[in-house]
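Below, chains carry the letters A, B, ... as their sequence lines are ordered, and counting in each starts from 1. Here the structure is a predicted model, which is why all the values come from computation and not from measurement.
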Amino acid sequence: MYALVDAVAFYASAEKVFDPSIRDKPVVVLTNNDGCICAVCPIARKLNIPKFQPYFKVRDYLAKHNVVIRSSNYELYADLSERMMNIVGRFADNQHIYSIDESFLHFQNYQLLIKNWSDYGLQIRQAVWRELKLPVGVGFGPTPTLAKAANHAAKKLPGFNGVAAIHNDRDSQAILQQMALQDVWGVGSRLAKKLQLMGMKSAADLAKQDAKMIKKQFSVVLARTVQELQGTSCLSWDAVRENKKEIYSTRSFGQRVMHFAILVEALVNHAVIVARKLRKQGSVAKRILVFAASSRHEDNYYKKQLIYDFSVPTADSRILAQQVSVMAVQLFRTNTRFYKVGVGAIELAPTANMQLSLFSQNQDKPELMKCLDAINQRYGQDTLKLVSQGQHQVWNMKRHFLSPRYTTHWQDIPKILCD
DNA sequence: TCTGGGGTCCTAGGACCC
DNA sequence: TCTGGGGTCCTAGGACCC
């Protein structure tokens, strides 16, 4: 049995944890640079506020309905996420953290002990609420895709109170019939449209399809989804938590950037982030991609990207940063209003069998990196950093509606005032 | 003033080679 | 008369997810 546990409108709910005064109000959270709406709490959802709309387009509507607006407070969310994952992880022998607010659980030994999955889900829900004041949804199913579907039902369909369990075909039929095609994990708006043209109306119709036919007409990926909906596990537990094949760090600037030095500084910071993520999953980069672009919404849209192959694959922050700053020279163009830059490691190898080059000296200092990670882990990100990462980071993002970093900064710790 | 997220994986089509 | 293949690698862009 699998479970998927995730938070209800995680970012919006996280904002409510330390600010009970907004718990009964509609709350939305904006993406980086306060660009788009990325989380809508259940109360705000009733106002039909669409996700991923540019904020400036709905600003008046939000103001009219007294919607509370918050910028993304990643430090707060990351910390709450970690706590939530720890609580949820206690309930199974295997956990895979899928995103900041979702984790899959896999029950092997526990399976024998659990009599009633719905009750068990309720226990998970109650534990997270009691210890963290975050609402979660819990879905159980014989495959990861069905667990996802059950989770969707738990939160969106009437009759389930945040917990749903699929034990057999009858259960899955009942839920899939009420599910839209694009609510299936792996089916987006594009695929949903095509499937509708073939006469399918609900997730249940997709589940009825012949996987071989789907593979022929669409892709392996969708064929897998169909089989998963039918109750055949295709994503083995190991596949669910496989290492990433690409690792990116990209960001748009708070203001347009026209200076070379600032562009380089931003790119170096992305390189450092990519290097850290690589080390975390035990990979080294064989090939990296670096890009810089102006805004798509502007005339003379400019984008340039470059690829570089390391003769010796690496996850060393210094080496990646160095290479990226060399490449920045070719990305830069004068009189260009740069809007977004990024670095990606697009071909990876495991650290364990690192290929050494015959001709070039290996500059990697894994021990130094280990030390750097340990210090930053303990004292906060970028406590120890490269000089080229810069001091002030003027290019950083715009966050006008930022809440306090309640759990990660001493000066922001909640105070209880007594008269 | 003027605004438009970030991350990962997949694939179609082009370039190149023999 | 006049035609003409197939594999690999690369890359941009698409699709999906949250």
Between C1' on B/dC2 and CZ on A/F253, what's the gap in Å once rounded to a whole number?
18 Å
Without decimals, in angstroms, what is the distance between A/I273 CD1 and B/dG5 P?
17 Å
Here the distance between atom C1' of B/dG4 and atom NZ of A/K303, to the nearest Å, is 16 Å
Could you state the atom-to-atom distance from CD of A/E102 to P of B/dT8 in whole Å?
15 Å
Salt bridge (charged side-chain N to carboxylate O under 4.0 Å, His left out) against A/R399, all qualifying residues, sequence neighbours excluded
none
Filter on ring pair (Phe, Tyr, Trp, His ring centres under 6.0 Å), then keep only pairs touching residues 188-230 of chain A, sequence neighbours left out; what's left?
none
Using salt bridge (charged side-chain N to carboxylate O under 4.0 Å, His left out) as the criterion, list what pairs up with A/E15, not counting sequence neighbours.
A/R70
Can you pull out every ring pair (Phe, Tyr, Trp, His ring centres under 6.0 Å) where at least one residue sits in residues 276-306 of chain A? Sequence neighbours excluded, please.
A/Y302-A/F338
Using whole Å, what does the distance between atom P of nucleotide B/dG5 and atom NE2 of A/H270 come to?
14 Å
Who passes salt bridge (charged side-chain N to carboxylate O under 4.0 Å, His left out) against A/R337, sequence neighbours left out?
A/E298
Applying a 4.0 Å non-hydrogen cut-off, can you work out what A/D101 is touching in the nucleic acid: base, sugar-phosphate, or nothing?
sugar-phosphate
Classify every nucleotide of nucleotides 9-17 of chain B by which part a protein heavy atom approaches to under 4.0 Å, writing B for the base, S for the sugar-phosphate alone and - for neither, in 5'-to-3' order.
BSS------
Take atom NZ of A/K280 and atom P of B/dG7, then tell me their distance rounded to the nearest Å.
14 Å
Less than 4.0 Å between a side-chain N and a carboxylate O, is that true for A/D412 and A/R405?
yes
Which of residues 37-69 of chain A sit near DNA chain B, with a heavy atom under 4.0 Å from it?
A/F52, A/P54, A/F56, A/K57, A/R59
Compare side-chain N and O positions of A/S252 against OP1 and OP2 of B/dG6 and report whether any pair is under 4.0 Å apart.
yes
Base, sugar-phosphate alone, or nothing: which one does A/G186 contact when heavy atoms must sit under 4.0 Å apart?
sugar-phosphate
salt_bridge(A/R318, A/D316) N-O dist < 4.0 Å:
yes
For DNA chain B, what string of dots and brackets results from 5' to 3' when Watson-Crick and G-U pairs need both distances under 3.5 Å, crossing pairs get [ ], and pairs with another strand get |?
....||||||||||||||
List for me each residue that meets side-chain hydrogen bond (donor to acceptor under 3.5 Å, both in side chains) alongside A/K208, sequence neighbours excluded, and say none if there are none.
A/D205
Sorted by chain and number, sequence neighbours left out, side-chain hydrogen bond (donor to acceptor under 3.5 Å, both in side chains) with A/N94 holds for A/Q108
Could you list the residues that satisfy salt bridge (charged side-chain N to carboxylate O under 4.0 Å, His left out) with A/D382, not counting sequence neighbours?
none
A/Q173: side-chain hydrogen bond (donor to acceptor under 3.5 Å, both in side chains) partners, not counting sequence neighbours:
A/Q177
